[in-house]
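Naming: A, B, ... by sequence-line order, numbering from 1 per chain. When reading the values below, keep in mind they use all heavy atoms of this one structure, side chains included, and skip hydrogens, waters and symmetry mates.
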Number of protein chains: 2
Amino acid sequence: MNSDFTLAIHSLTLLALQPDRMSTSEYIAESAGVHPVRIRKVLSLLKKHGFIKSKEGTGGGFIFALDLSEVNLWDIYKITSEGTLQPKCPESNERCIVGANMQSVLFTIFLGAEDHLGEYLKDYTIREIVDLINQKE
Amino acid sequence: MNSDFTLAIHSLTLLALQPDRMSTSEYIAESAGVHPVRIRKVLSLLKKHGFIKSKEGTGGGFIFALDLSEVNLWDIYKITSEGTLQPKCPESNERCIVGANMQSVLFTIFLGAEDHLGEYLKDYTIREIVDLINQKE
DNA sequence: CAATCTGTAACGTTTATCAATACAGTATAG
DNA sequence: CTATACTGTATTGATAAACGTTACAGATTG
């Protein structure tokens, strides 16, 4: 699994805990243990889809734009990692019936697998994640 | 998704179509478009789990050991790719409640996701794959 | 206009993946 | 019993993907 996915979840969870003020990419990066630029890249995707708002300049940063229960892990997966599940087959031999058709057969199966995974991930919203984090404490 | 997974499926499908004779790693490699050594590595895992048999020396190679419908994609996933779904989080900040606990929360969720995926993959046996390949022709 | 932040592009480094080589072990054929 | 054709596996090297880092333009505030 793509680590953009976990960075997005991490960031959103952090924003969920700071509902009243802007959080900077540096603050989030320090919690997640990555470089601030990487946070900004991932969050710019989330912004594009309306999950968060951002503001430049002094006192700027990122803030949640929706209710916590309106964003689930499947939404985040689709934005950050769609197609990741799909195996990357090497170019196989077109003159062999298996080589020629395996890729499209697996592609179809993995499309189904991704949908199936989606049904599971939809059950976890950011609110659930926040609750699980708090339970750990 | 790990490409060992697709190589294993590819190899088993080929073996399924050659039930009466040994197939060499070179033959399989040519169909799959990879190096024979890679095929031998993947197939040695499948052998270890009893799905295929192998024989060294002249006239040797690999052959299916079970009925086609006794091997499904979840079996193959577990052998070649278990844990692949699990996201690799960077080491996050232990002094932050989110950083300290996110990894274990996600780990648990993804264990569930892998089980869920398993239920889907169990529905596809090598026999089904062979049928799908033949339908394409 | 100086300071602080996002937004992105570009570059370099590290890490994962894979091909390739090498060679020991084993079966078969003549 | 030796040449040939395989598997089995370790190791090395090349290629590609992931990630950190730097750089800088644009926006906002004081």
Inset, instruction - Pick base, sugar-phosphate or nothing for K53(B), based on heavy-atom distances below 4.0 Å to the nucleic acid. - result: nothing
Inset, instruction - Answer whether the closest heavy-atom distance between the side chains of K41(A) and S25(A) falls below 4.5 Å. - result: no
Validation: residues 92-102 of chain A side-chain donor-acceptor distances under 3.5 Å, sequence neighbours left out:
residue	atom	partner	partner atom	Å
S92(A)	OG	G99(A)	O	2.6
N93(A)	OD1	R95(A)	N	2.9
N101(A)	ND2	I97(A)	O	2.9

Inset, instruction - Just jot down the side chain to side chain donor-acceptor pair (under 3.5 Å) partners of K47(A), sequence neighbours excluded, or say none. - result: S54(A)
Legend entry - 4.5 Å side-chain heavy-atom contact, E82(A) and E114(A): yes
Legend entry - Atom pair distance, as rounded to whole Å: NE2 in H35(A) and C1' in dT22(D): 8 Å
Legend entry - T13(B): partners by side chain to side chain donor-acceptor pair (under 3.5 Å), with sequence neighbours left out: none
Legend entry - R40(A) CZ - dT21(D) C1' separation (whole Å): 11 Å
Legend entry - Any residue of residues 14-26 of chain B with a heavy atom less than 4.0 Å from an atom of DNA chain D: T24(B), S25(B)
Legend entry - Nucleic acid contacts of residues 56-68 of chain B, taken as heavy-atom distances under 4.0 Å to DNA chain C: E56(B), G57(B), T58(B)
Legend entry - Per-nucleotide protein contact string for nucleotides 11-19 of chain D (B base, S sugar-phosphate only, - none; heavy atom under 4.0 Å): B-------S
Legend entry - Set of residues satisfying side chain to side chain donor-acceptor pair (under 3.5 Å) with respect to T6(A), sequence neighbours excluded: none
Inset, instruction - Report the distance from atom NZ of K55(B) to atom P of dG8(D), rounded to the nearest whole Å. - result: 13 Å
Inset, instruction - Could you list where the contact with chain B starts and ends along DNA chain C, reading 5' to 3', using a 4.0 Å heavy-atom cut-off? - result: dC18(C) to dT28(C)
Legend entry - From Q86(A) atom CD to Q103(A) atom CD, the distance as rounded to the nearest 0.5 Å: 8.5 Å
Side-chain donor-acceptor contacts of residues 127-136 of chain A below 3.5 Å, not counting sequence neighbours, with atom names and distances?
residue	atom	partner	partner atom	Å
E128(A)	OE1	T125(A)	N	2.9
E128(A)	OE1	T125(A)	OG1	3.0
N134(A)	ND2	V130(A)	O	3.3
K136(A)	NZ	S104(B)	OG	3.1

Legend entry - Separation between OH of Y77(B) and CD1 of I9(B), rounded to the nearest 0.5 Å: 12.0 Å
Legend entry - side-chain contact (heavy atoms from CB on, under 4.5 Å) partners for T80(B), two or more places apart: D4(B), F5(B), A8(B), I76(B)
Inset, instruction - Would you please say whether a donor-acceptor pair under 3.5 Å links the side chains of R40(B) and T24(B)? - result: no
Name each donor-acceptor pair under 3.5 Å that joins a side chain in residues 66-74 of chain A to protein atoms two or more places apart or in another chain, with its distance.
residue	atom	partner	partner atom	Å
D67(A)	OD2	S69(A)	N	3.0
D67(A)	OD2	S69(A)	OG	2.6
E70(A)	OE1	D67(A)	N	2.8
N72(A)	OD1	W74(A)	N	2.9
N72(A)	OD1	D75(A)	N	2.9

Inset, instruction - Could you tell me which residues satisfy side-chain contact (heavy atoms from CB on, under 4.5 Å) with S11(A), sequence neighbours excluded, listed by chain and number? - result: I28(A), I39(A), L43(A)
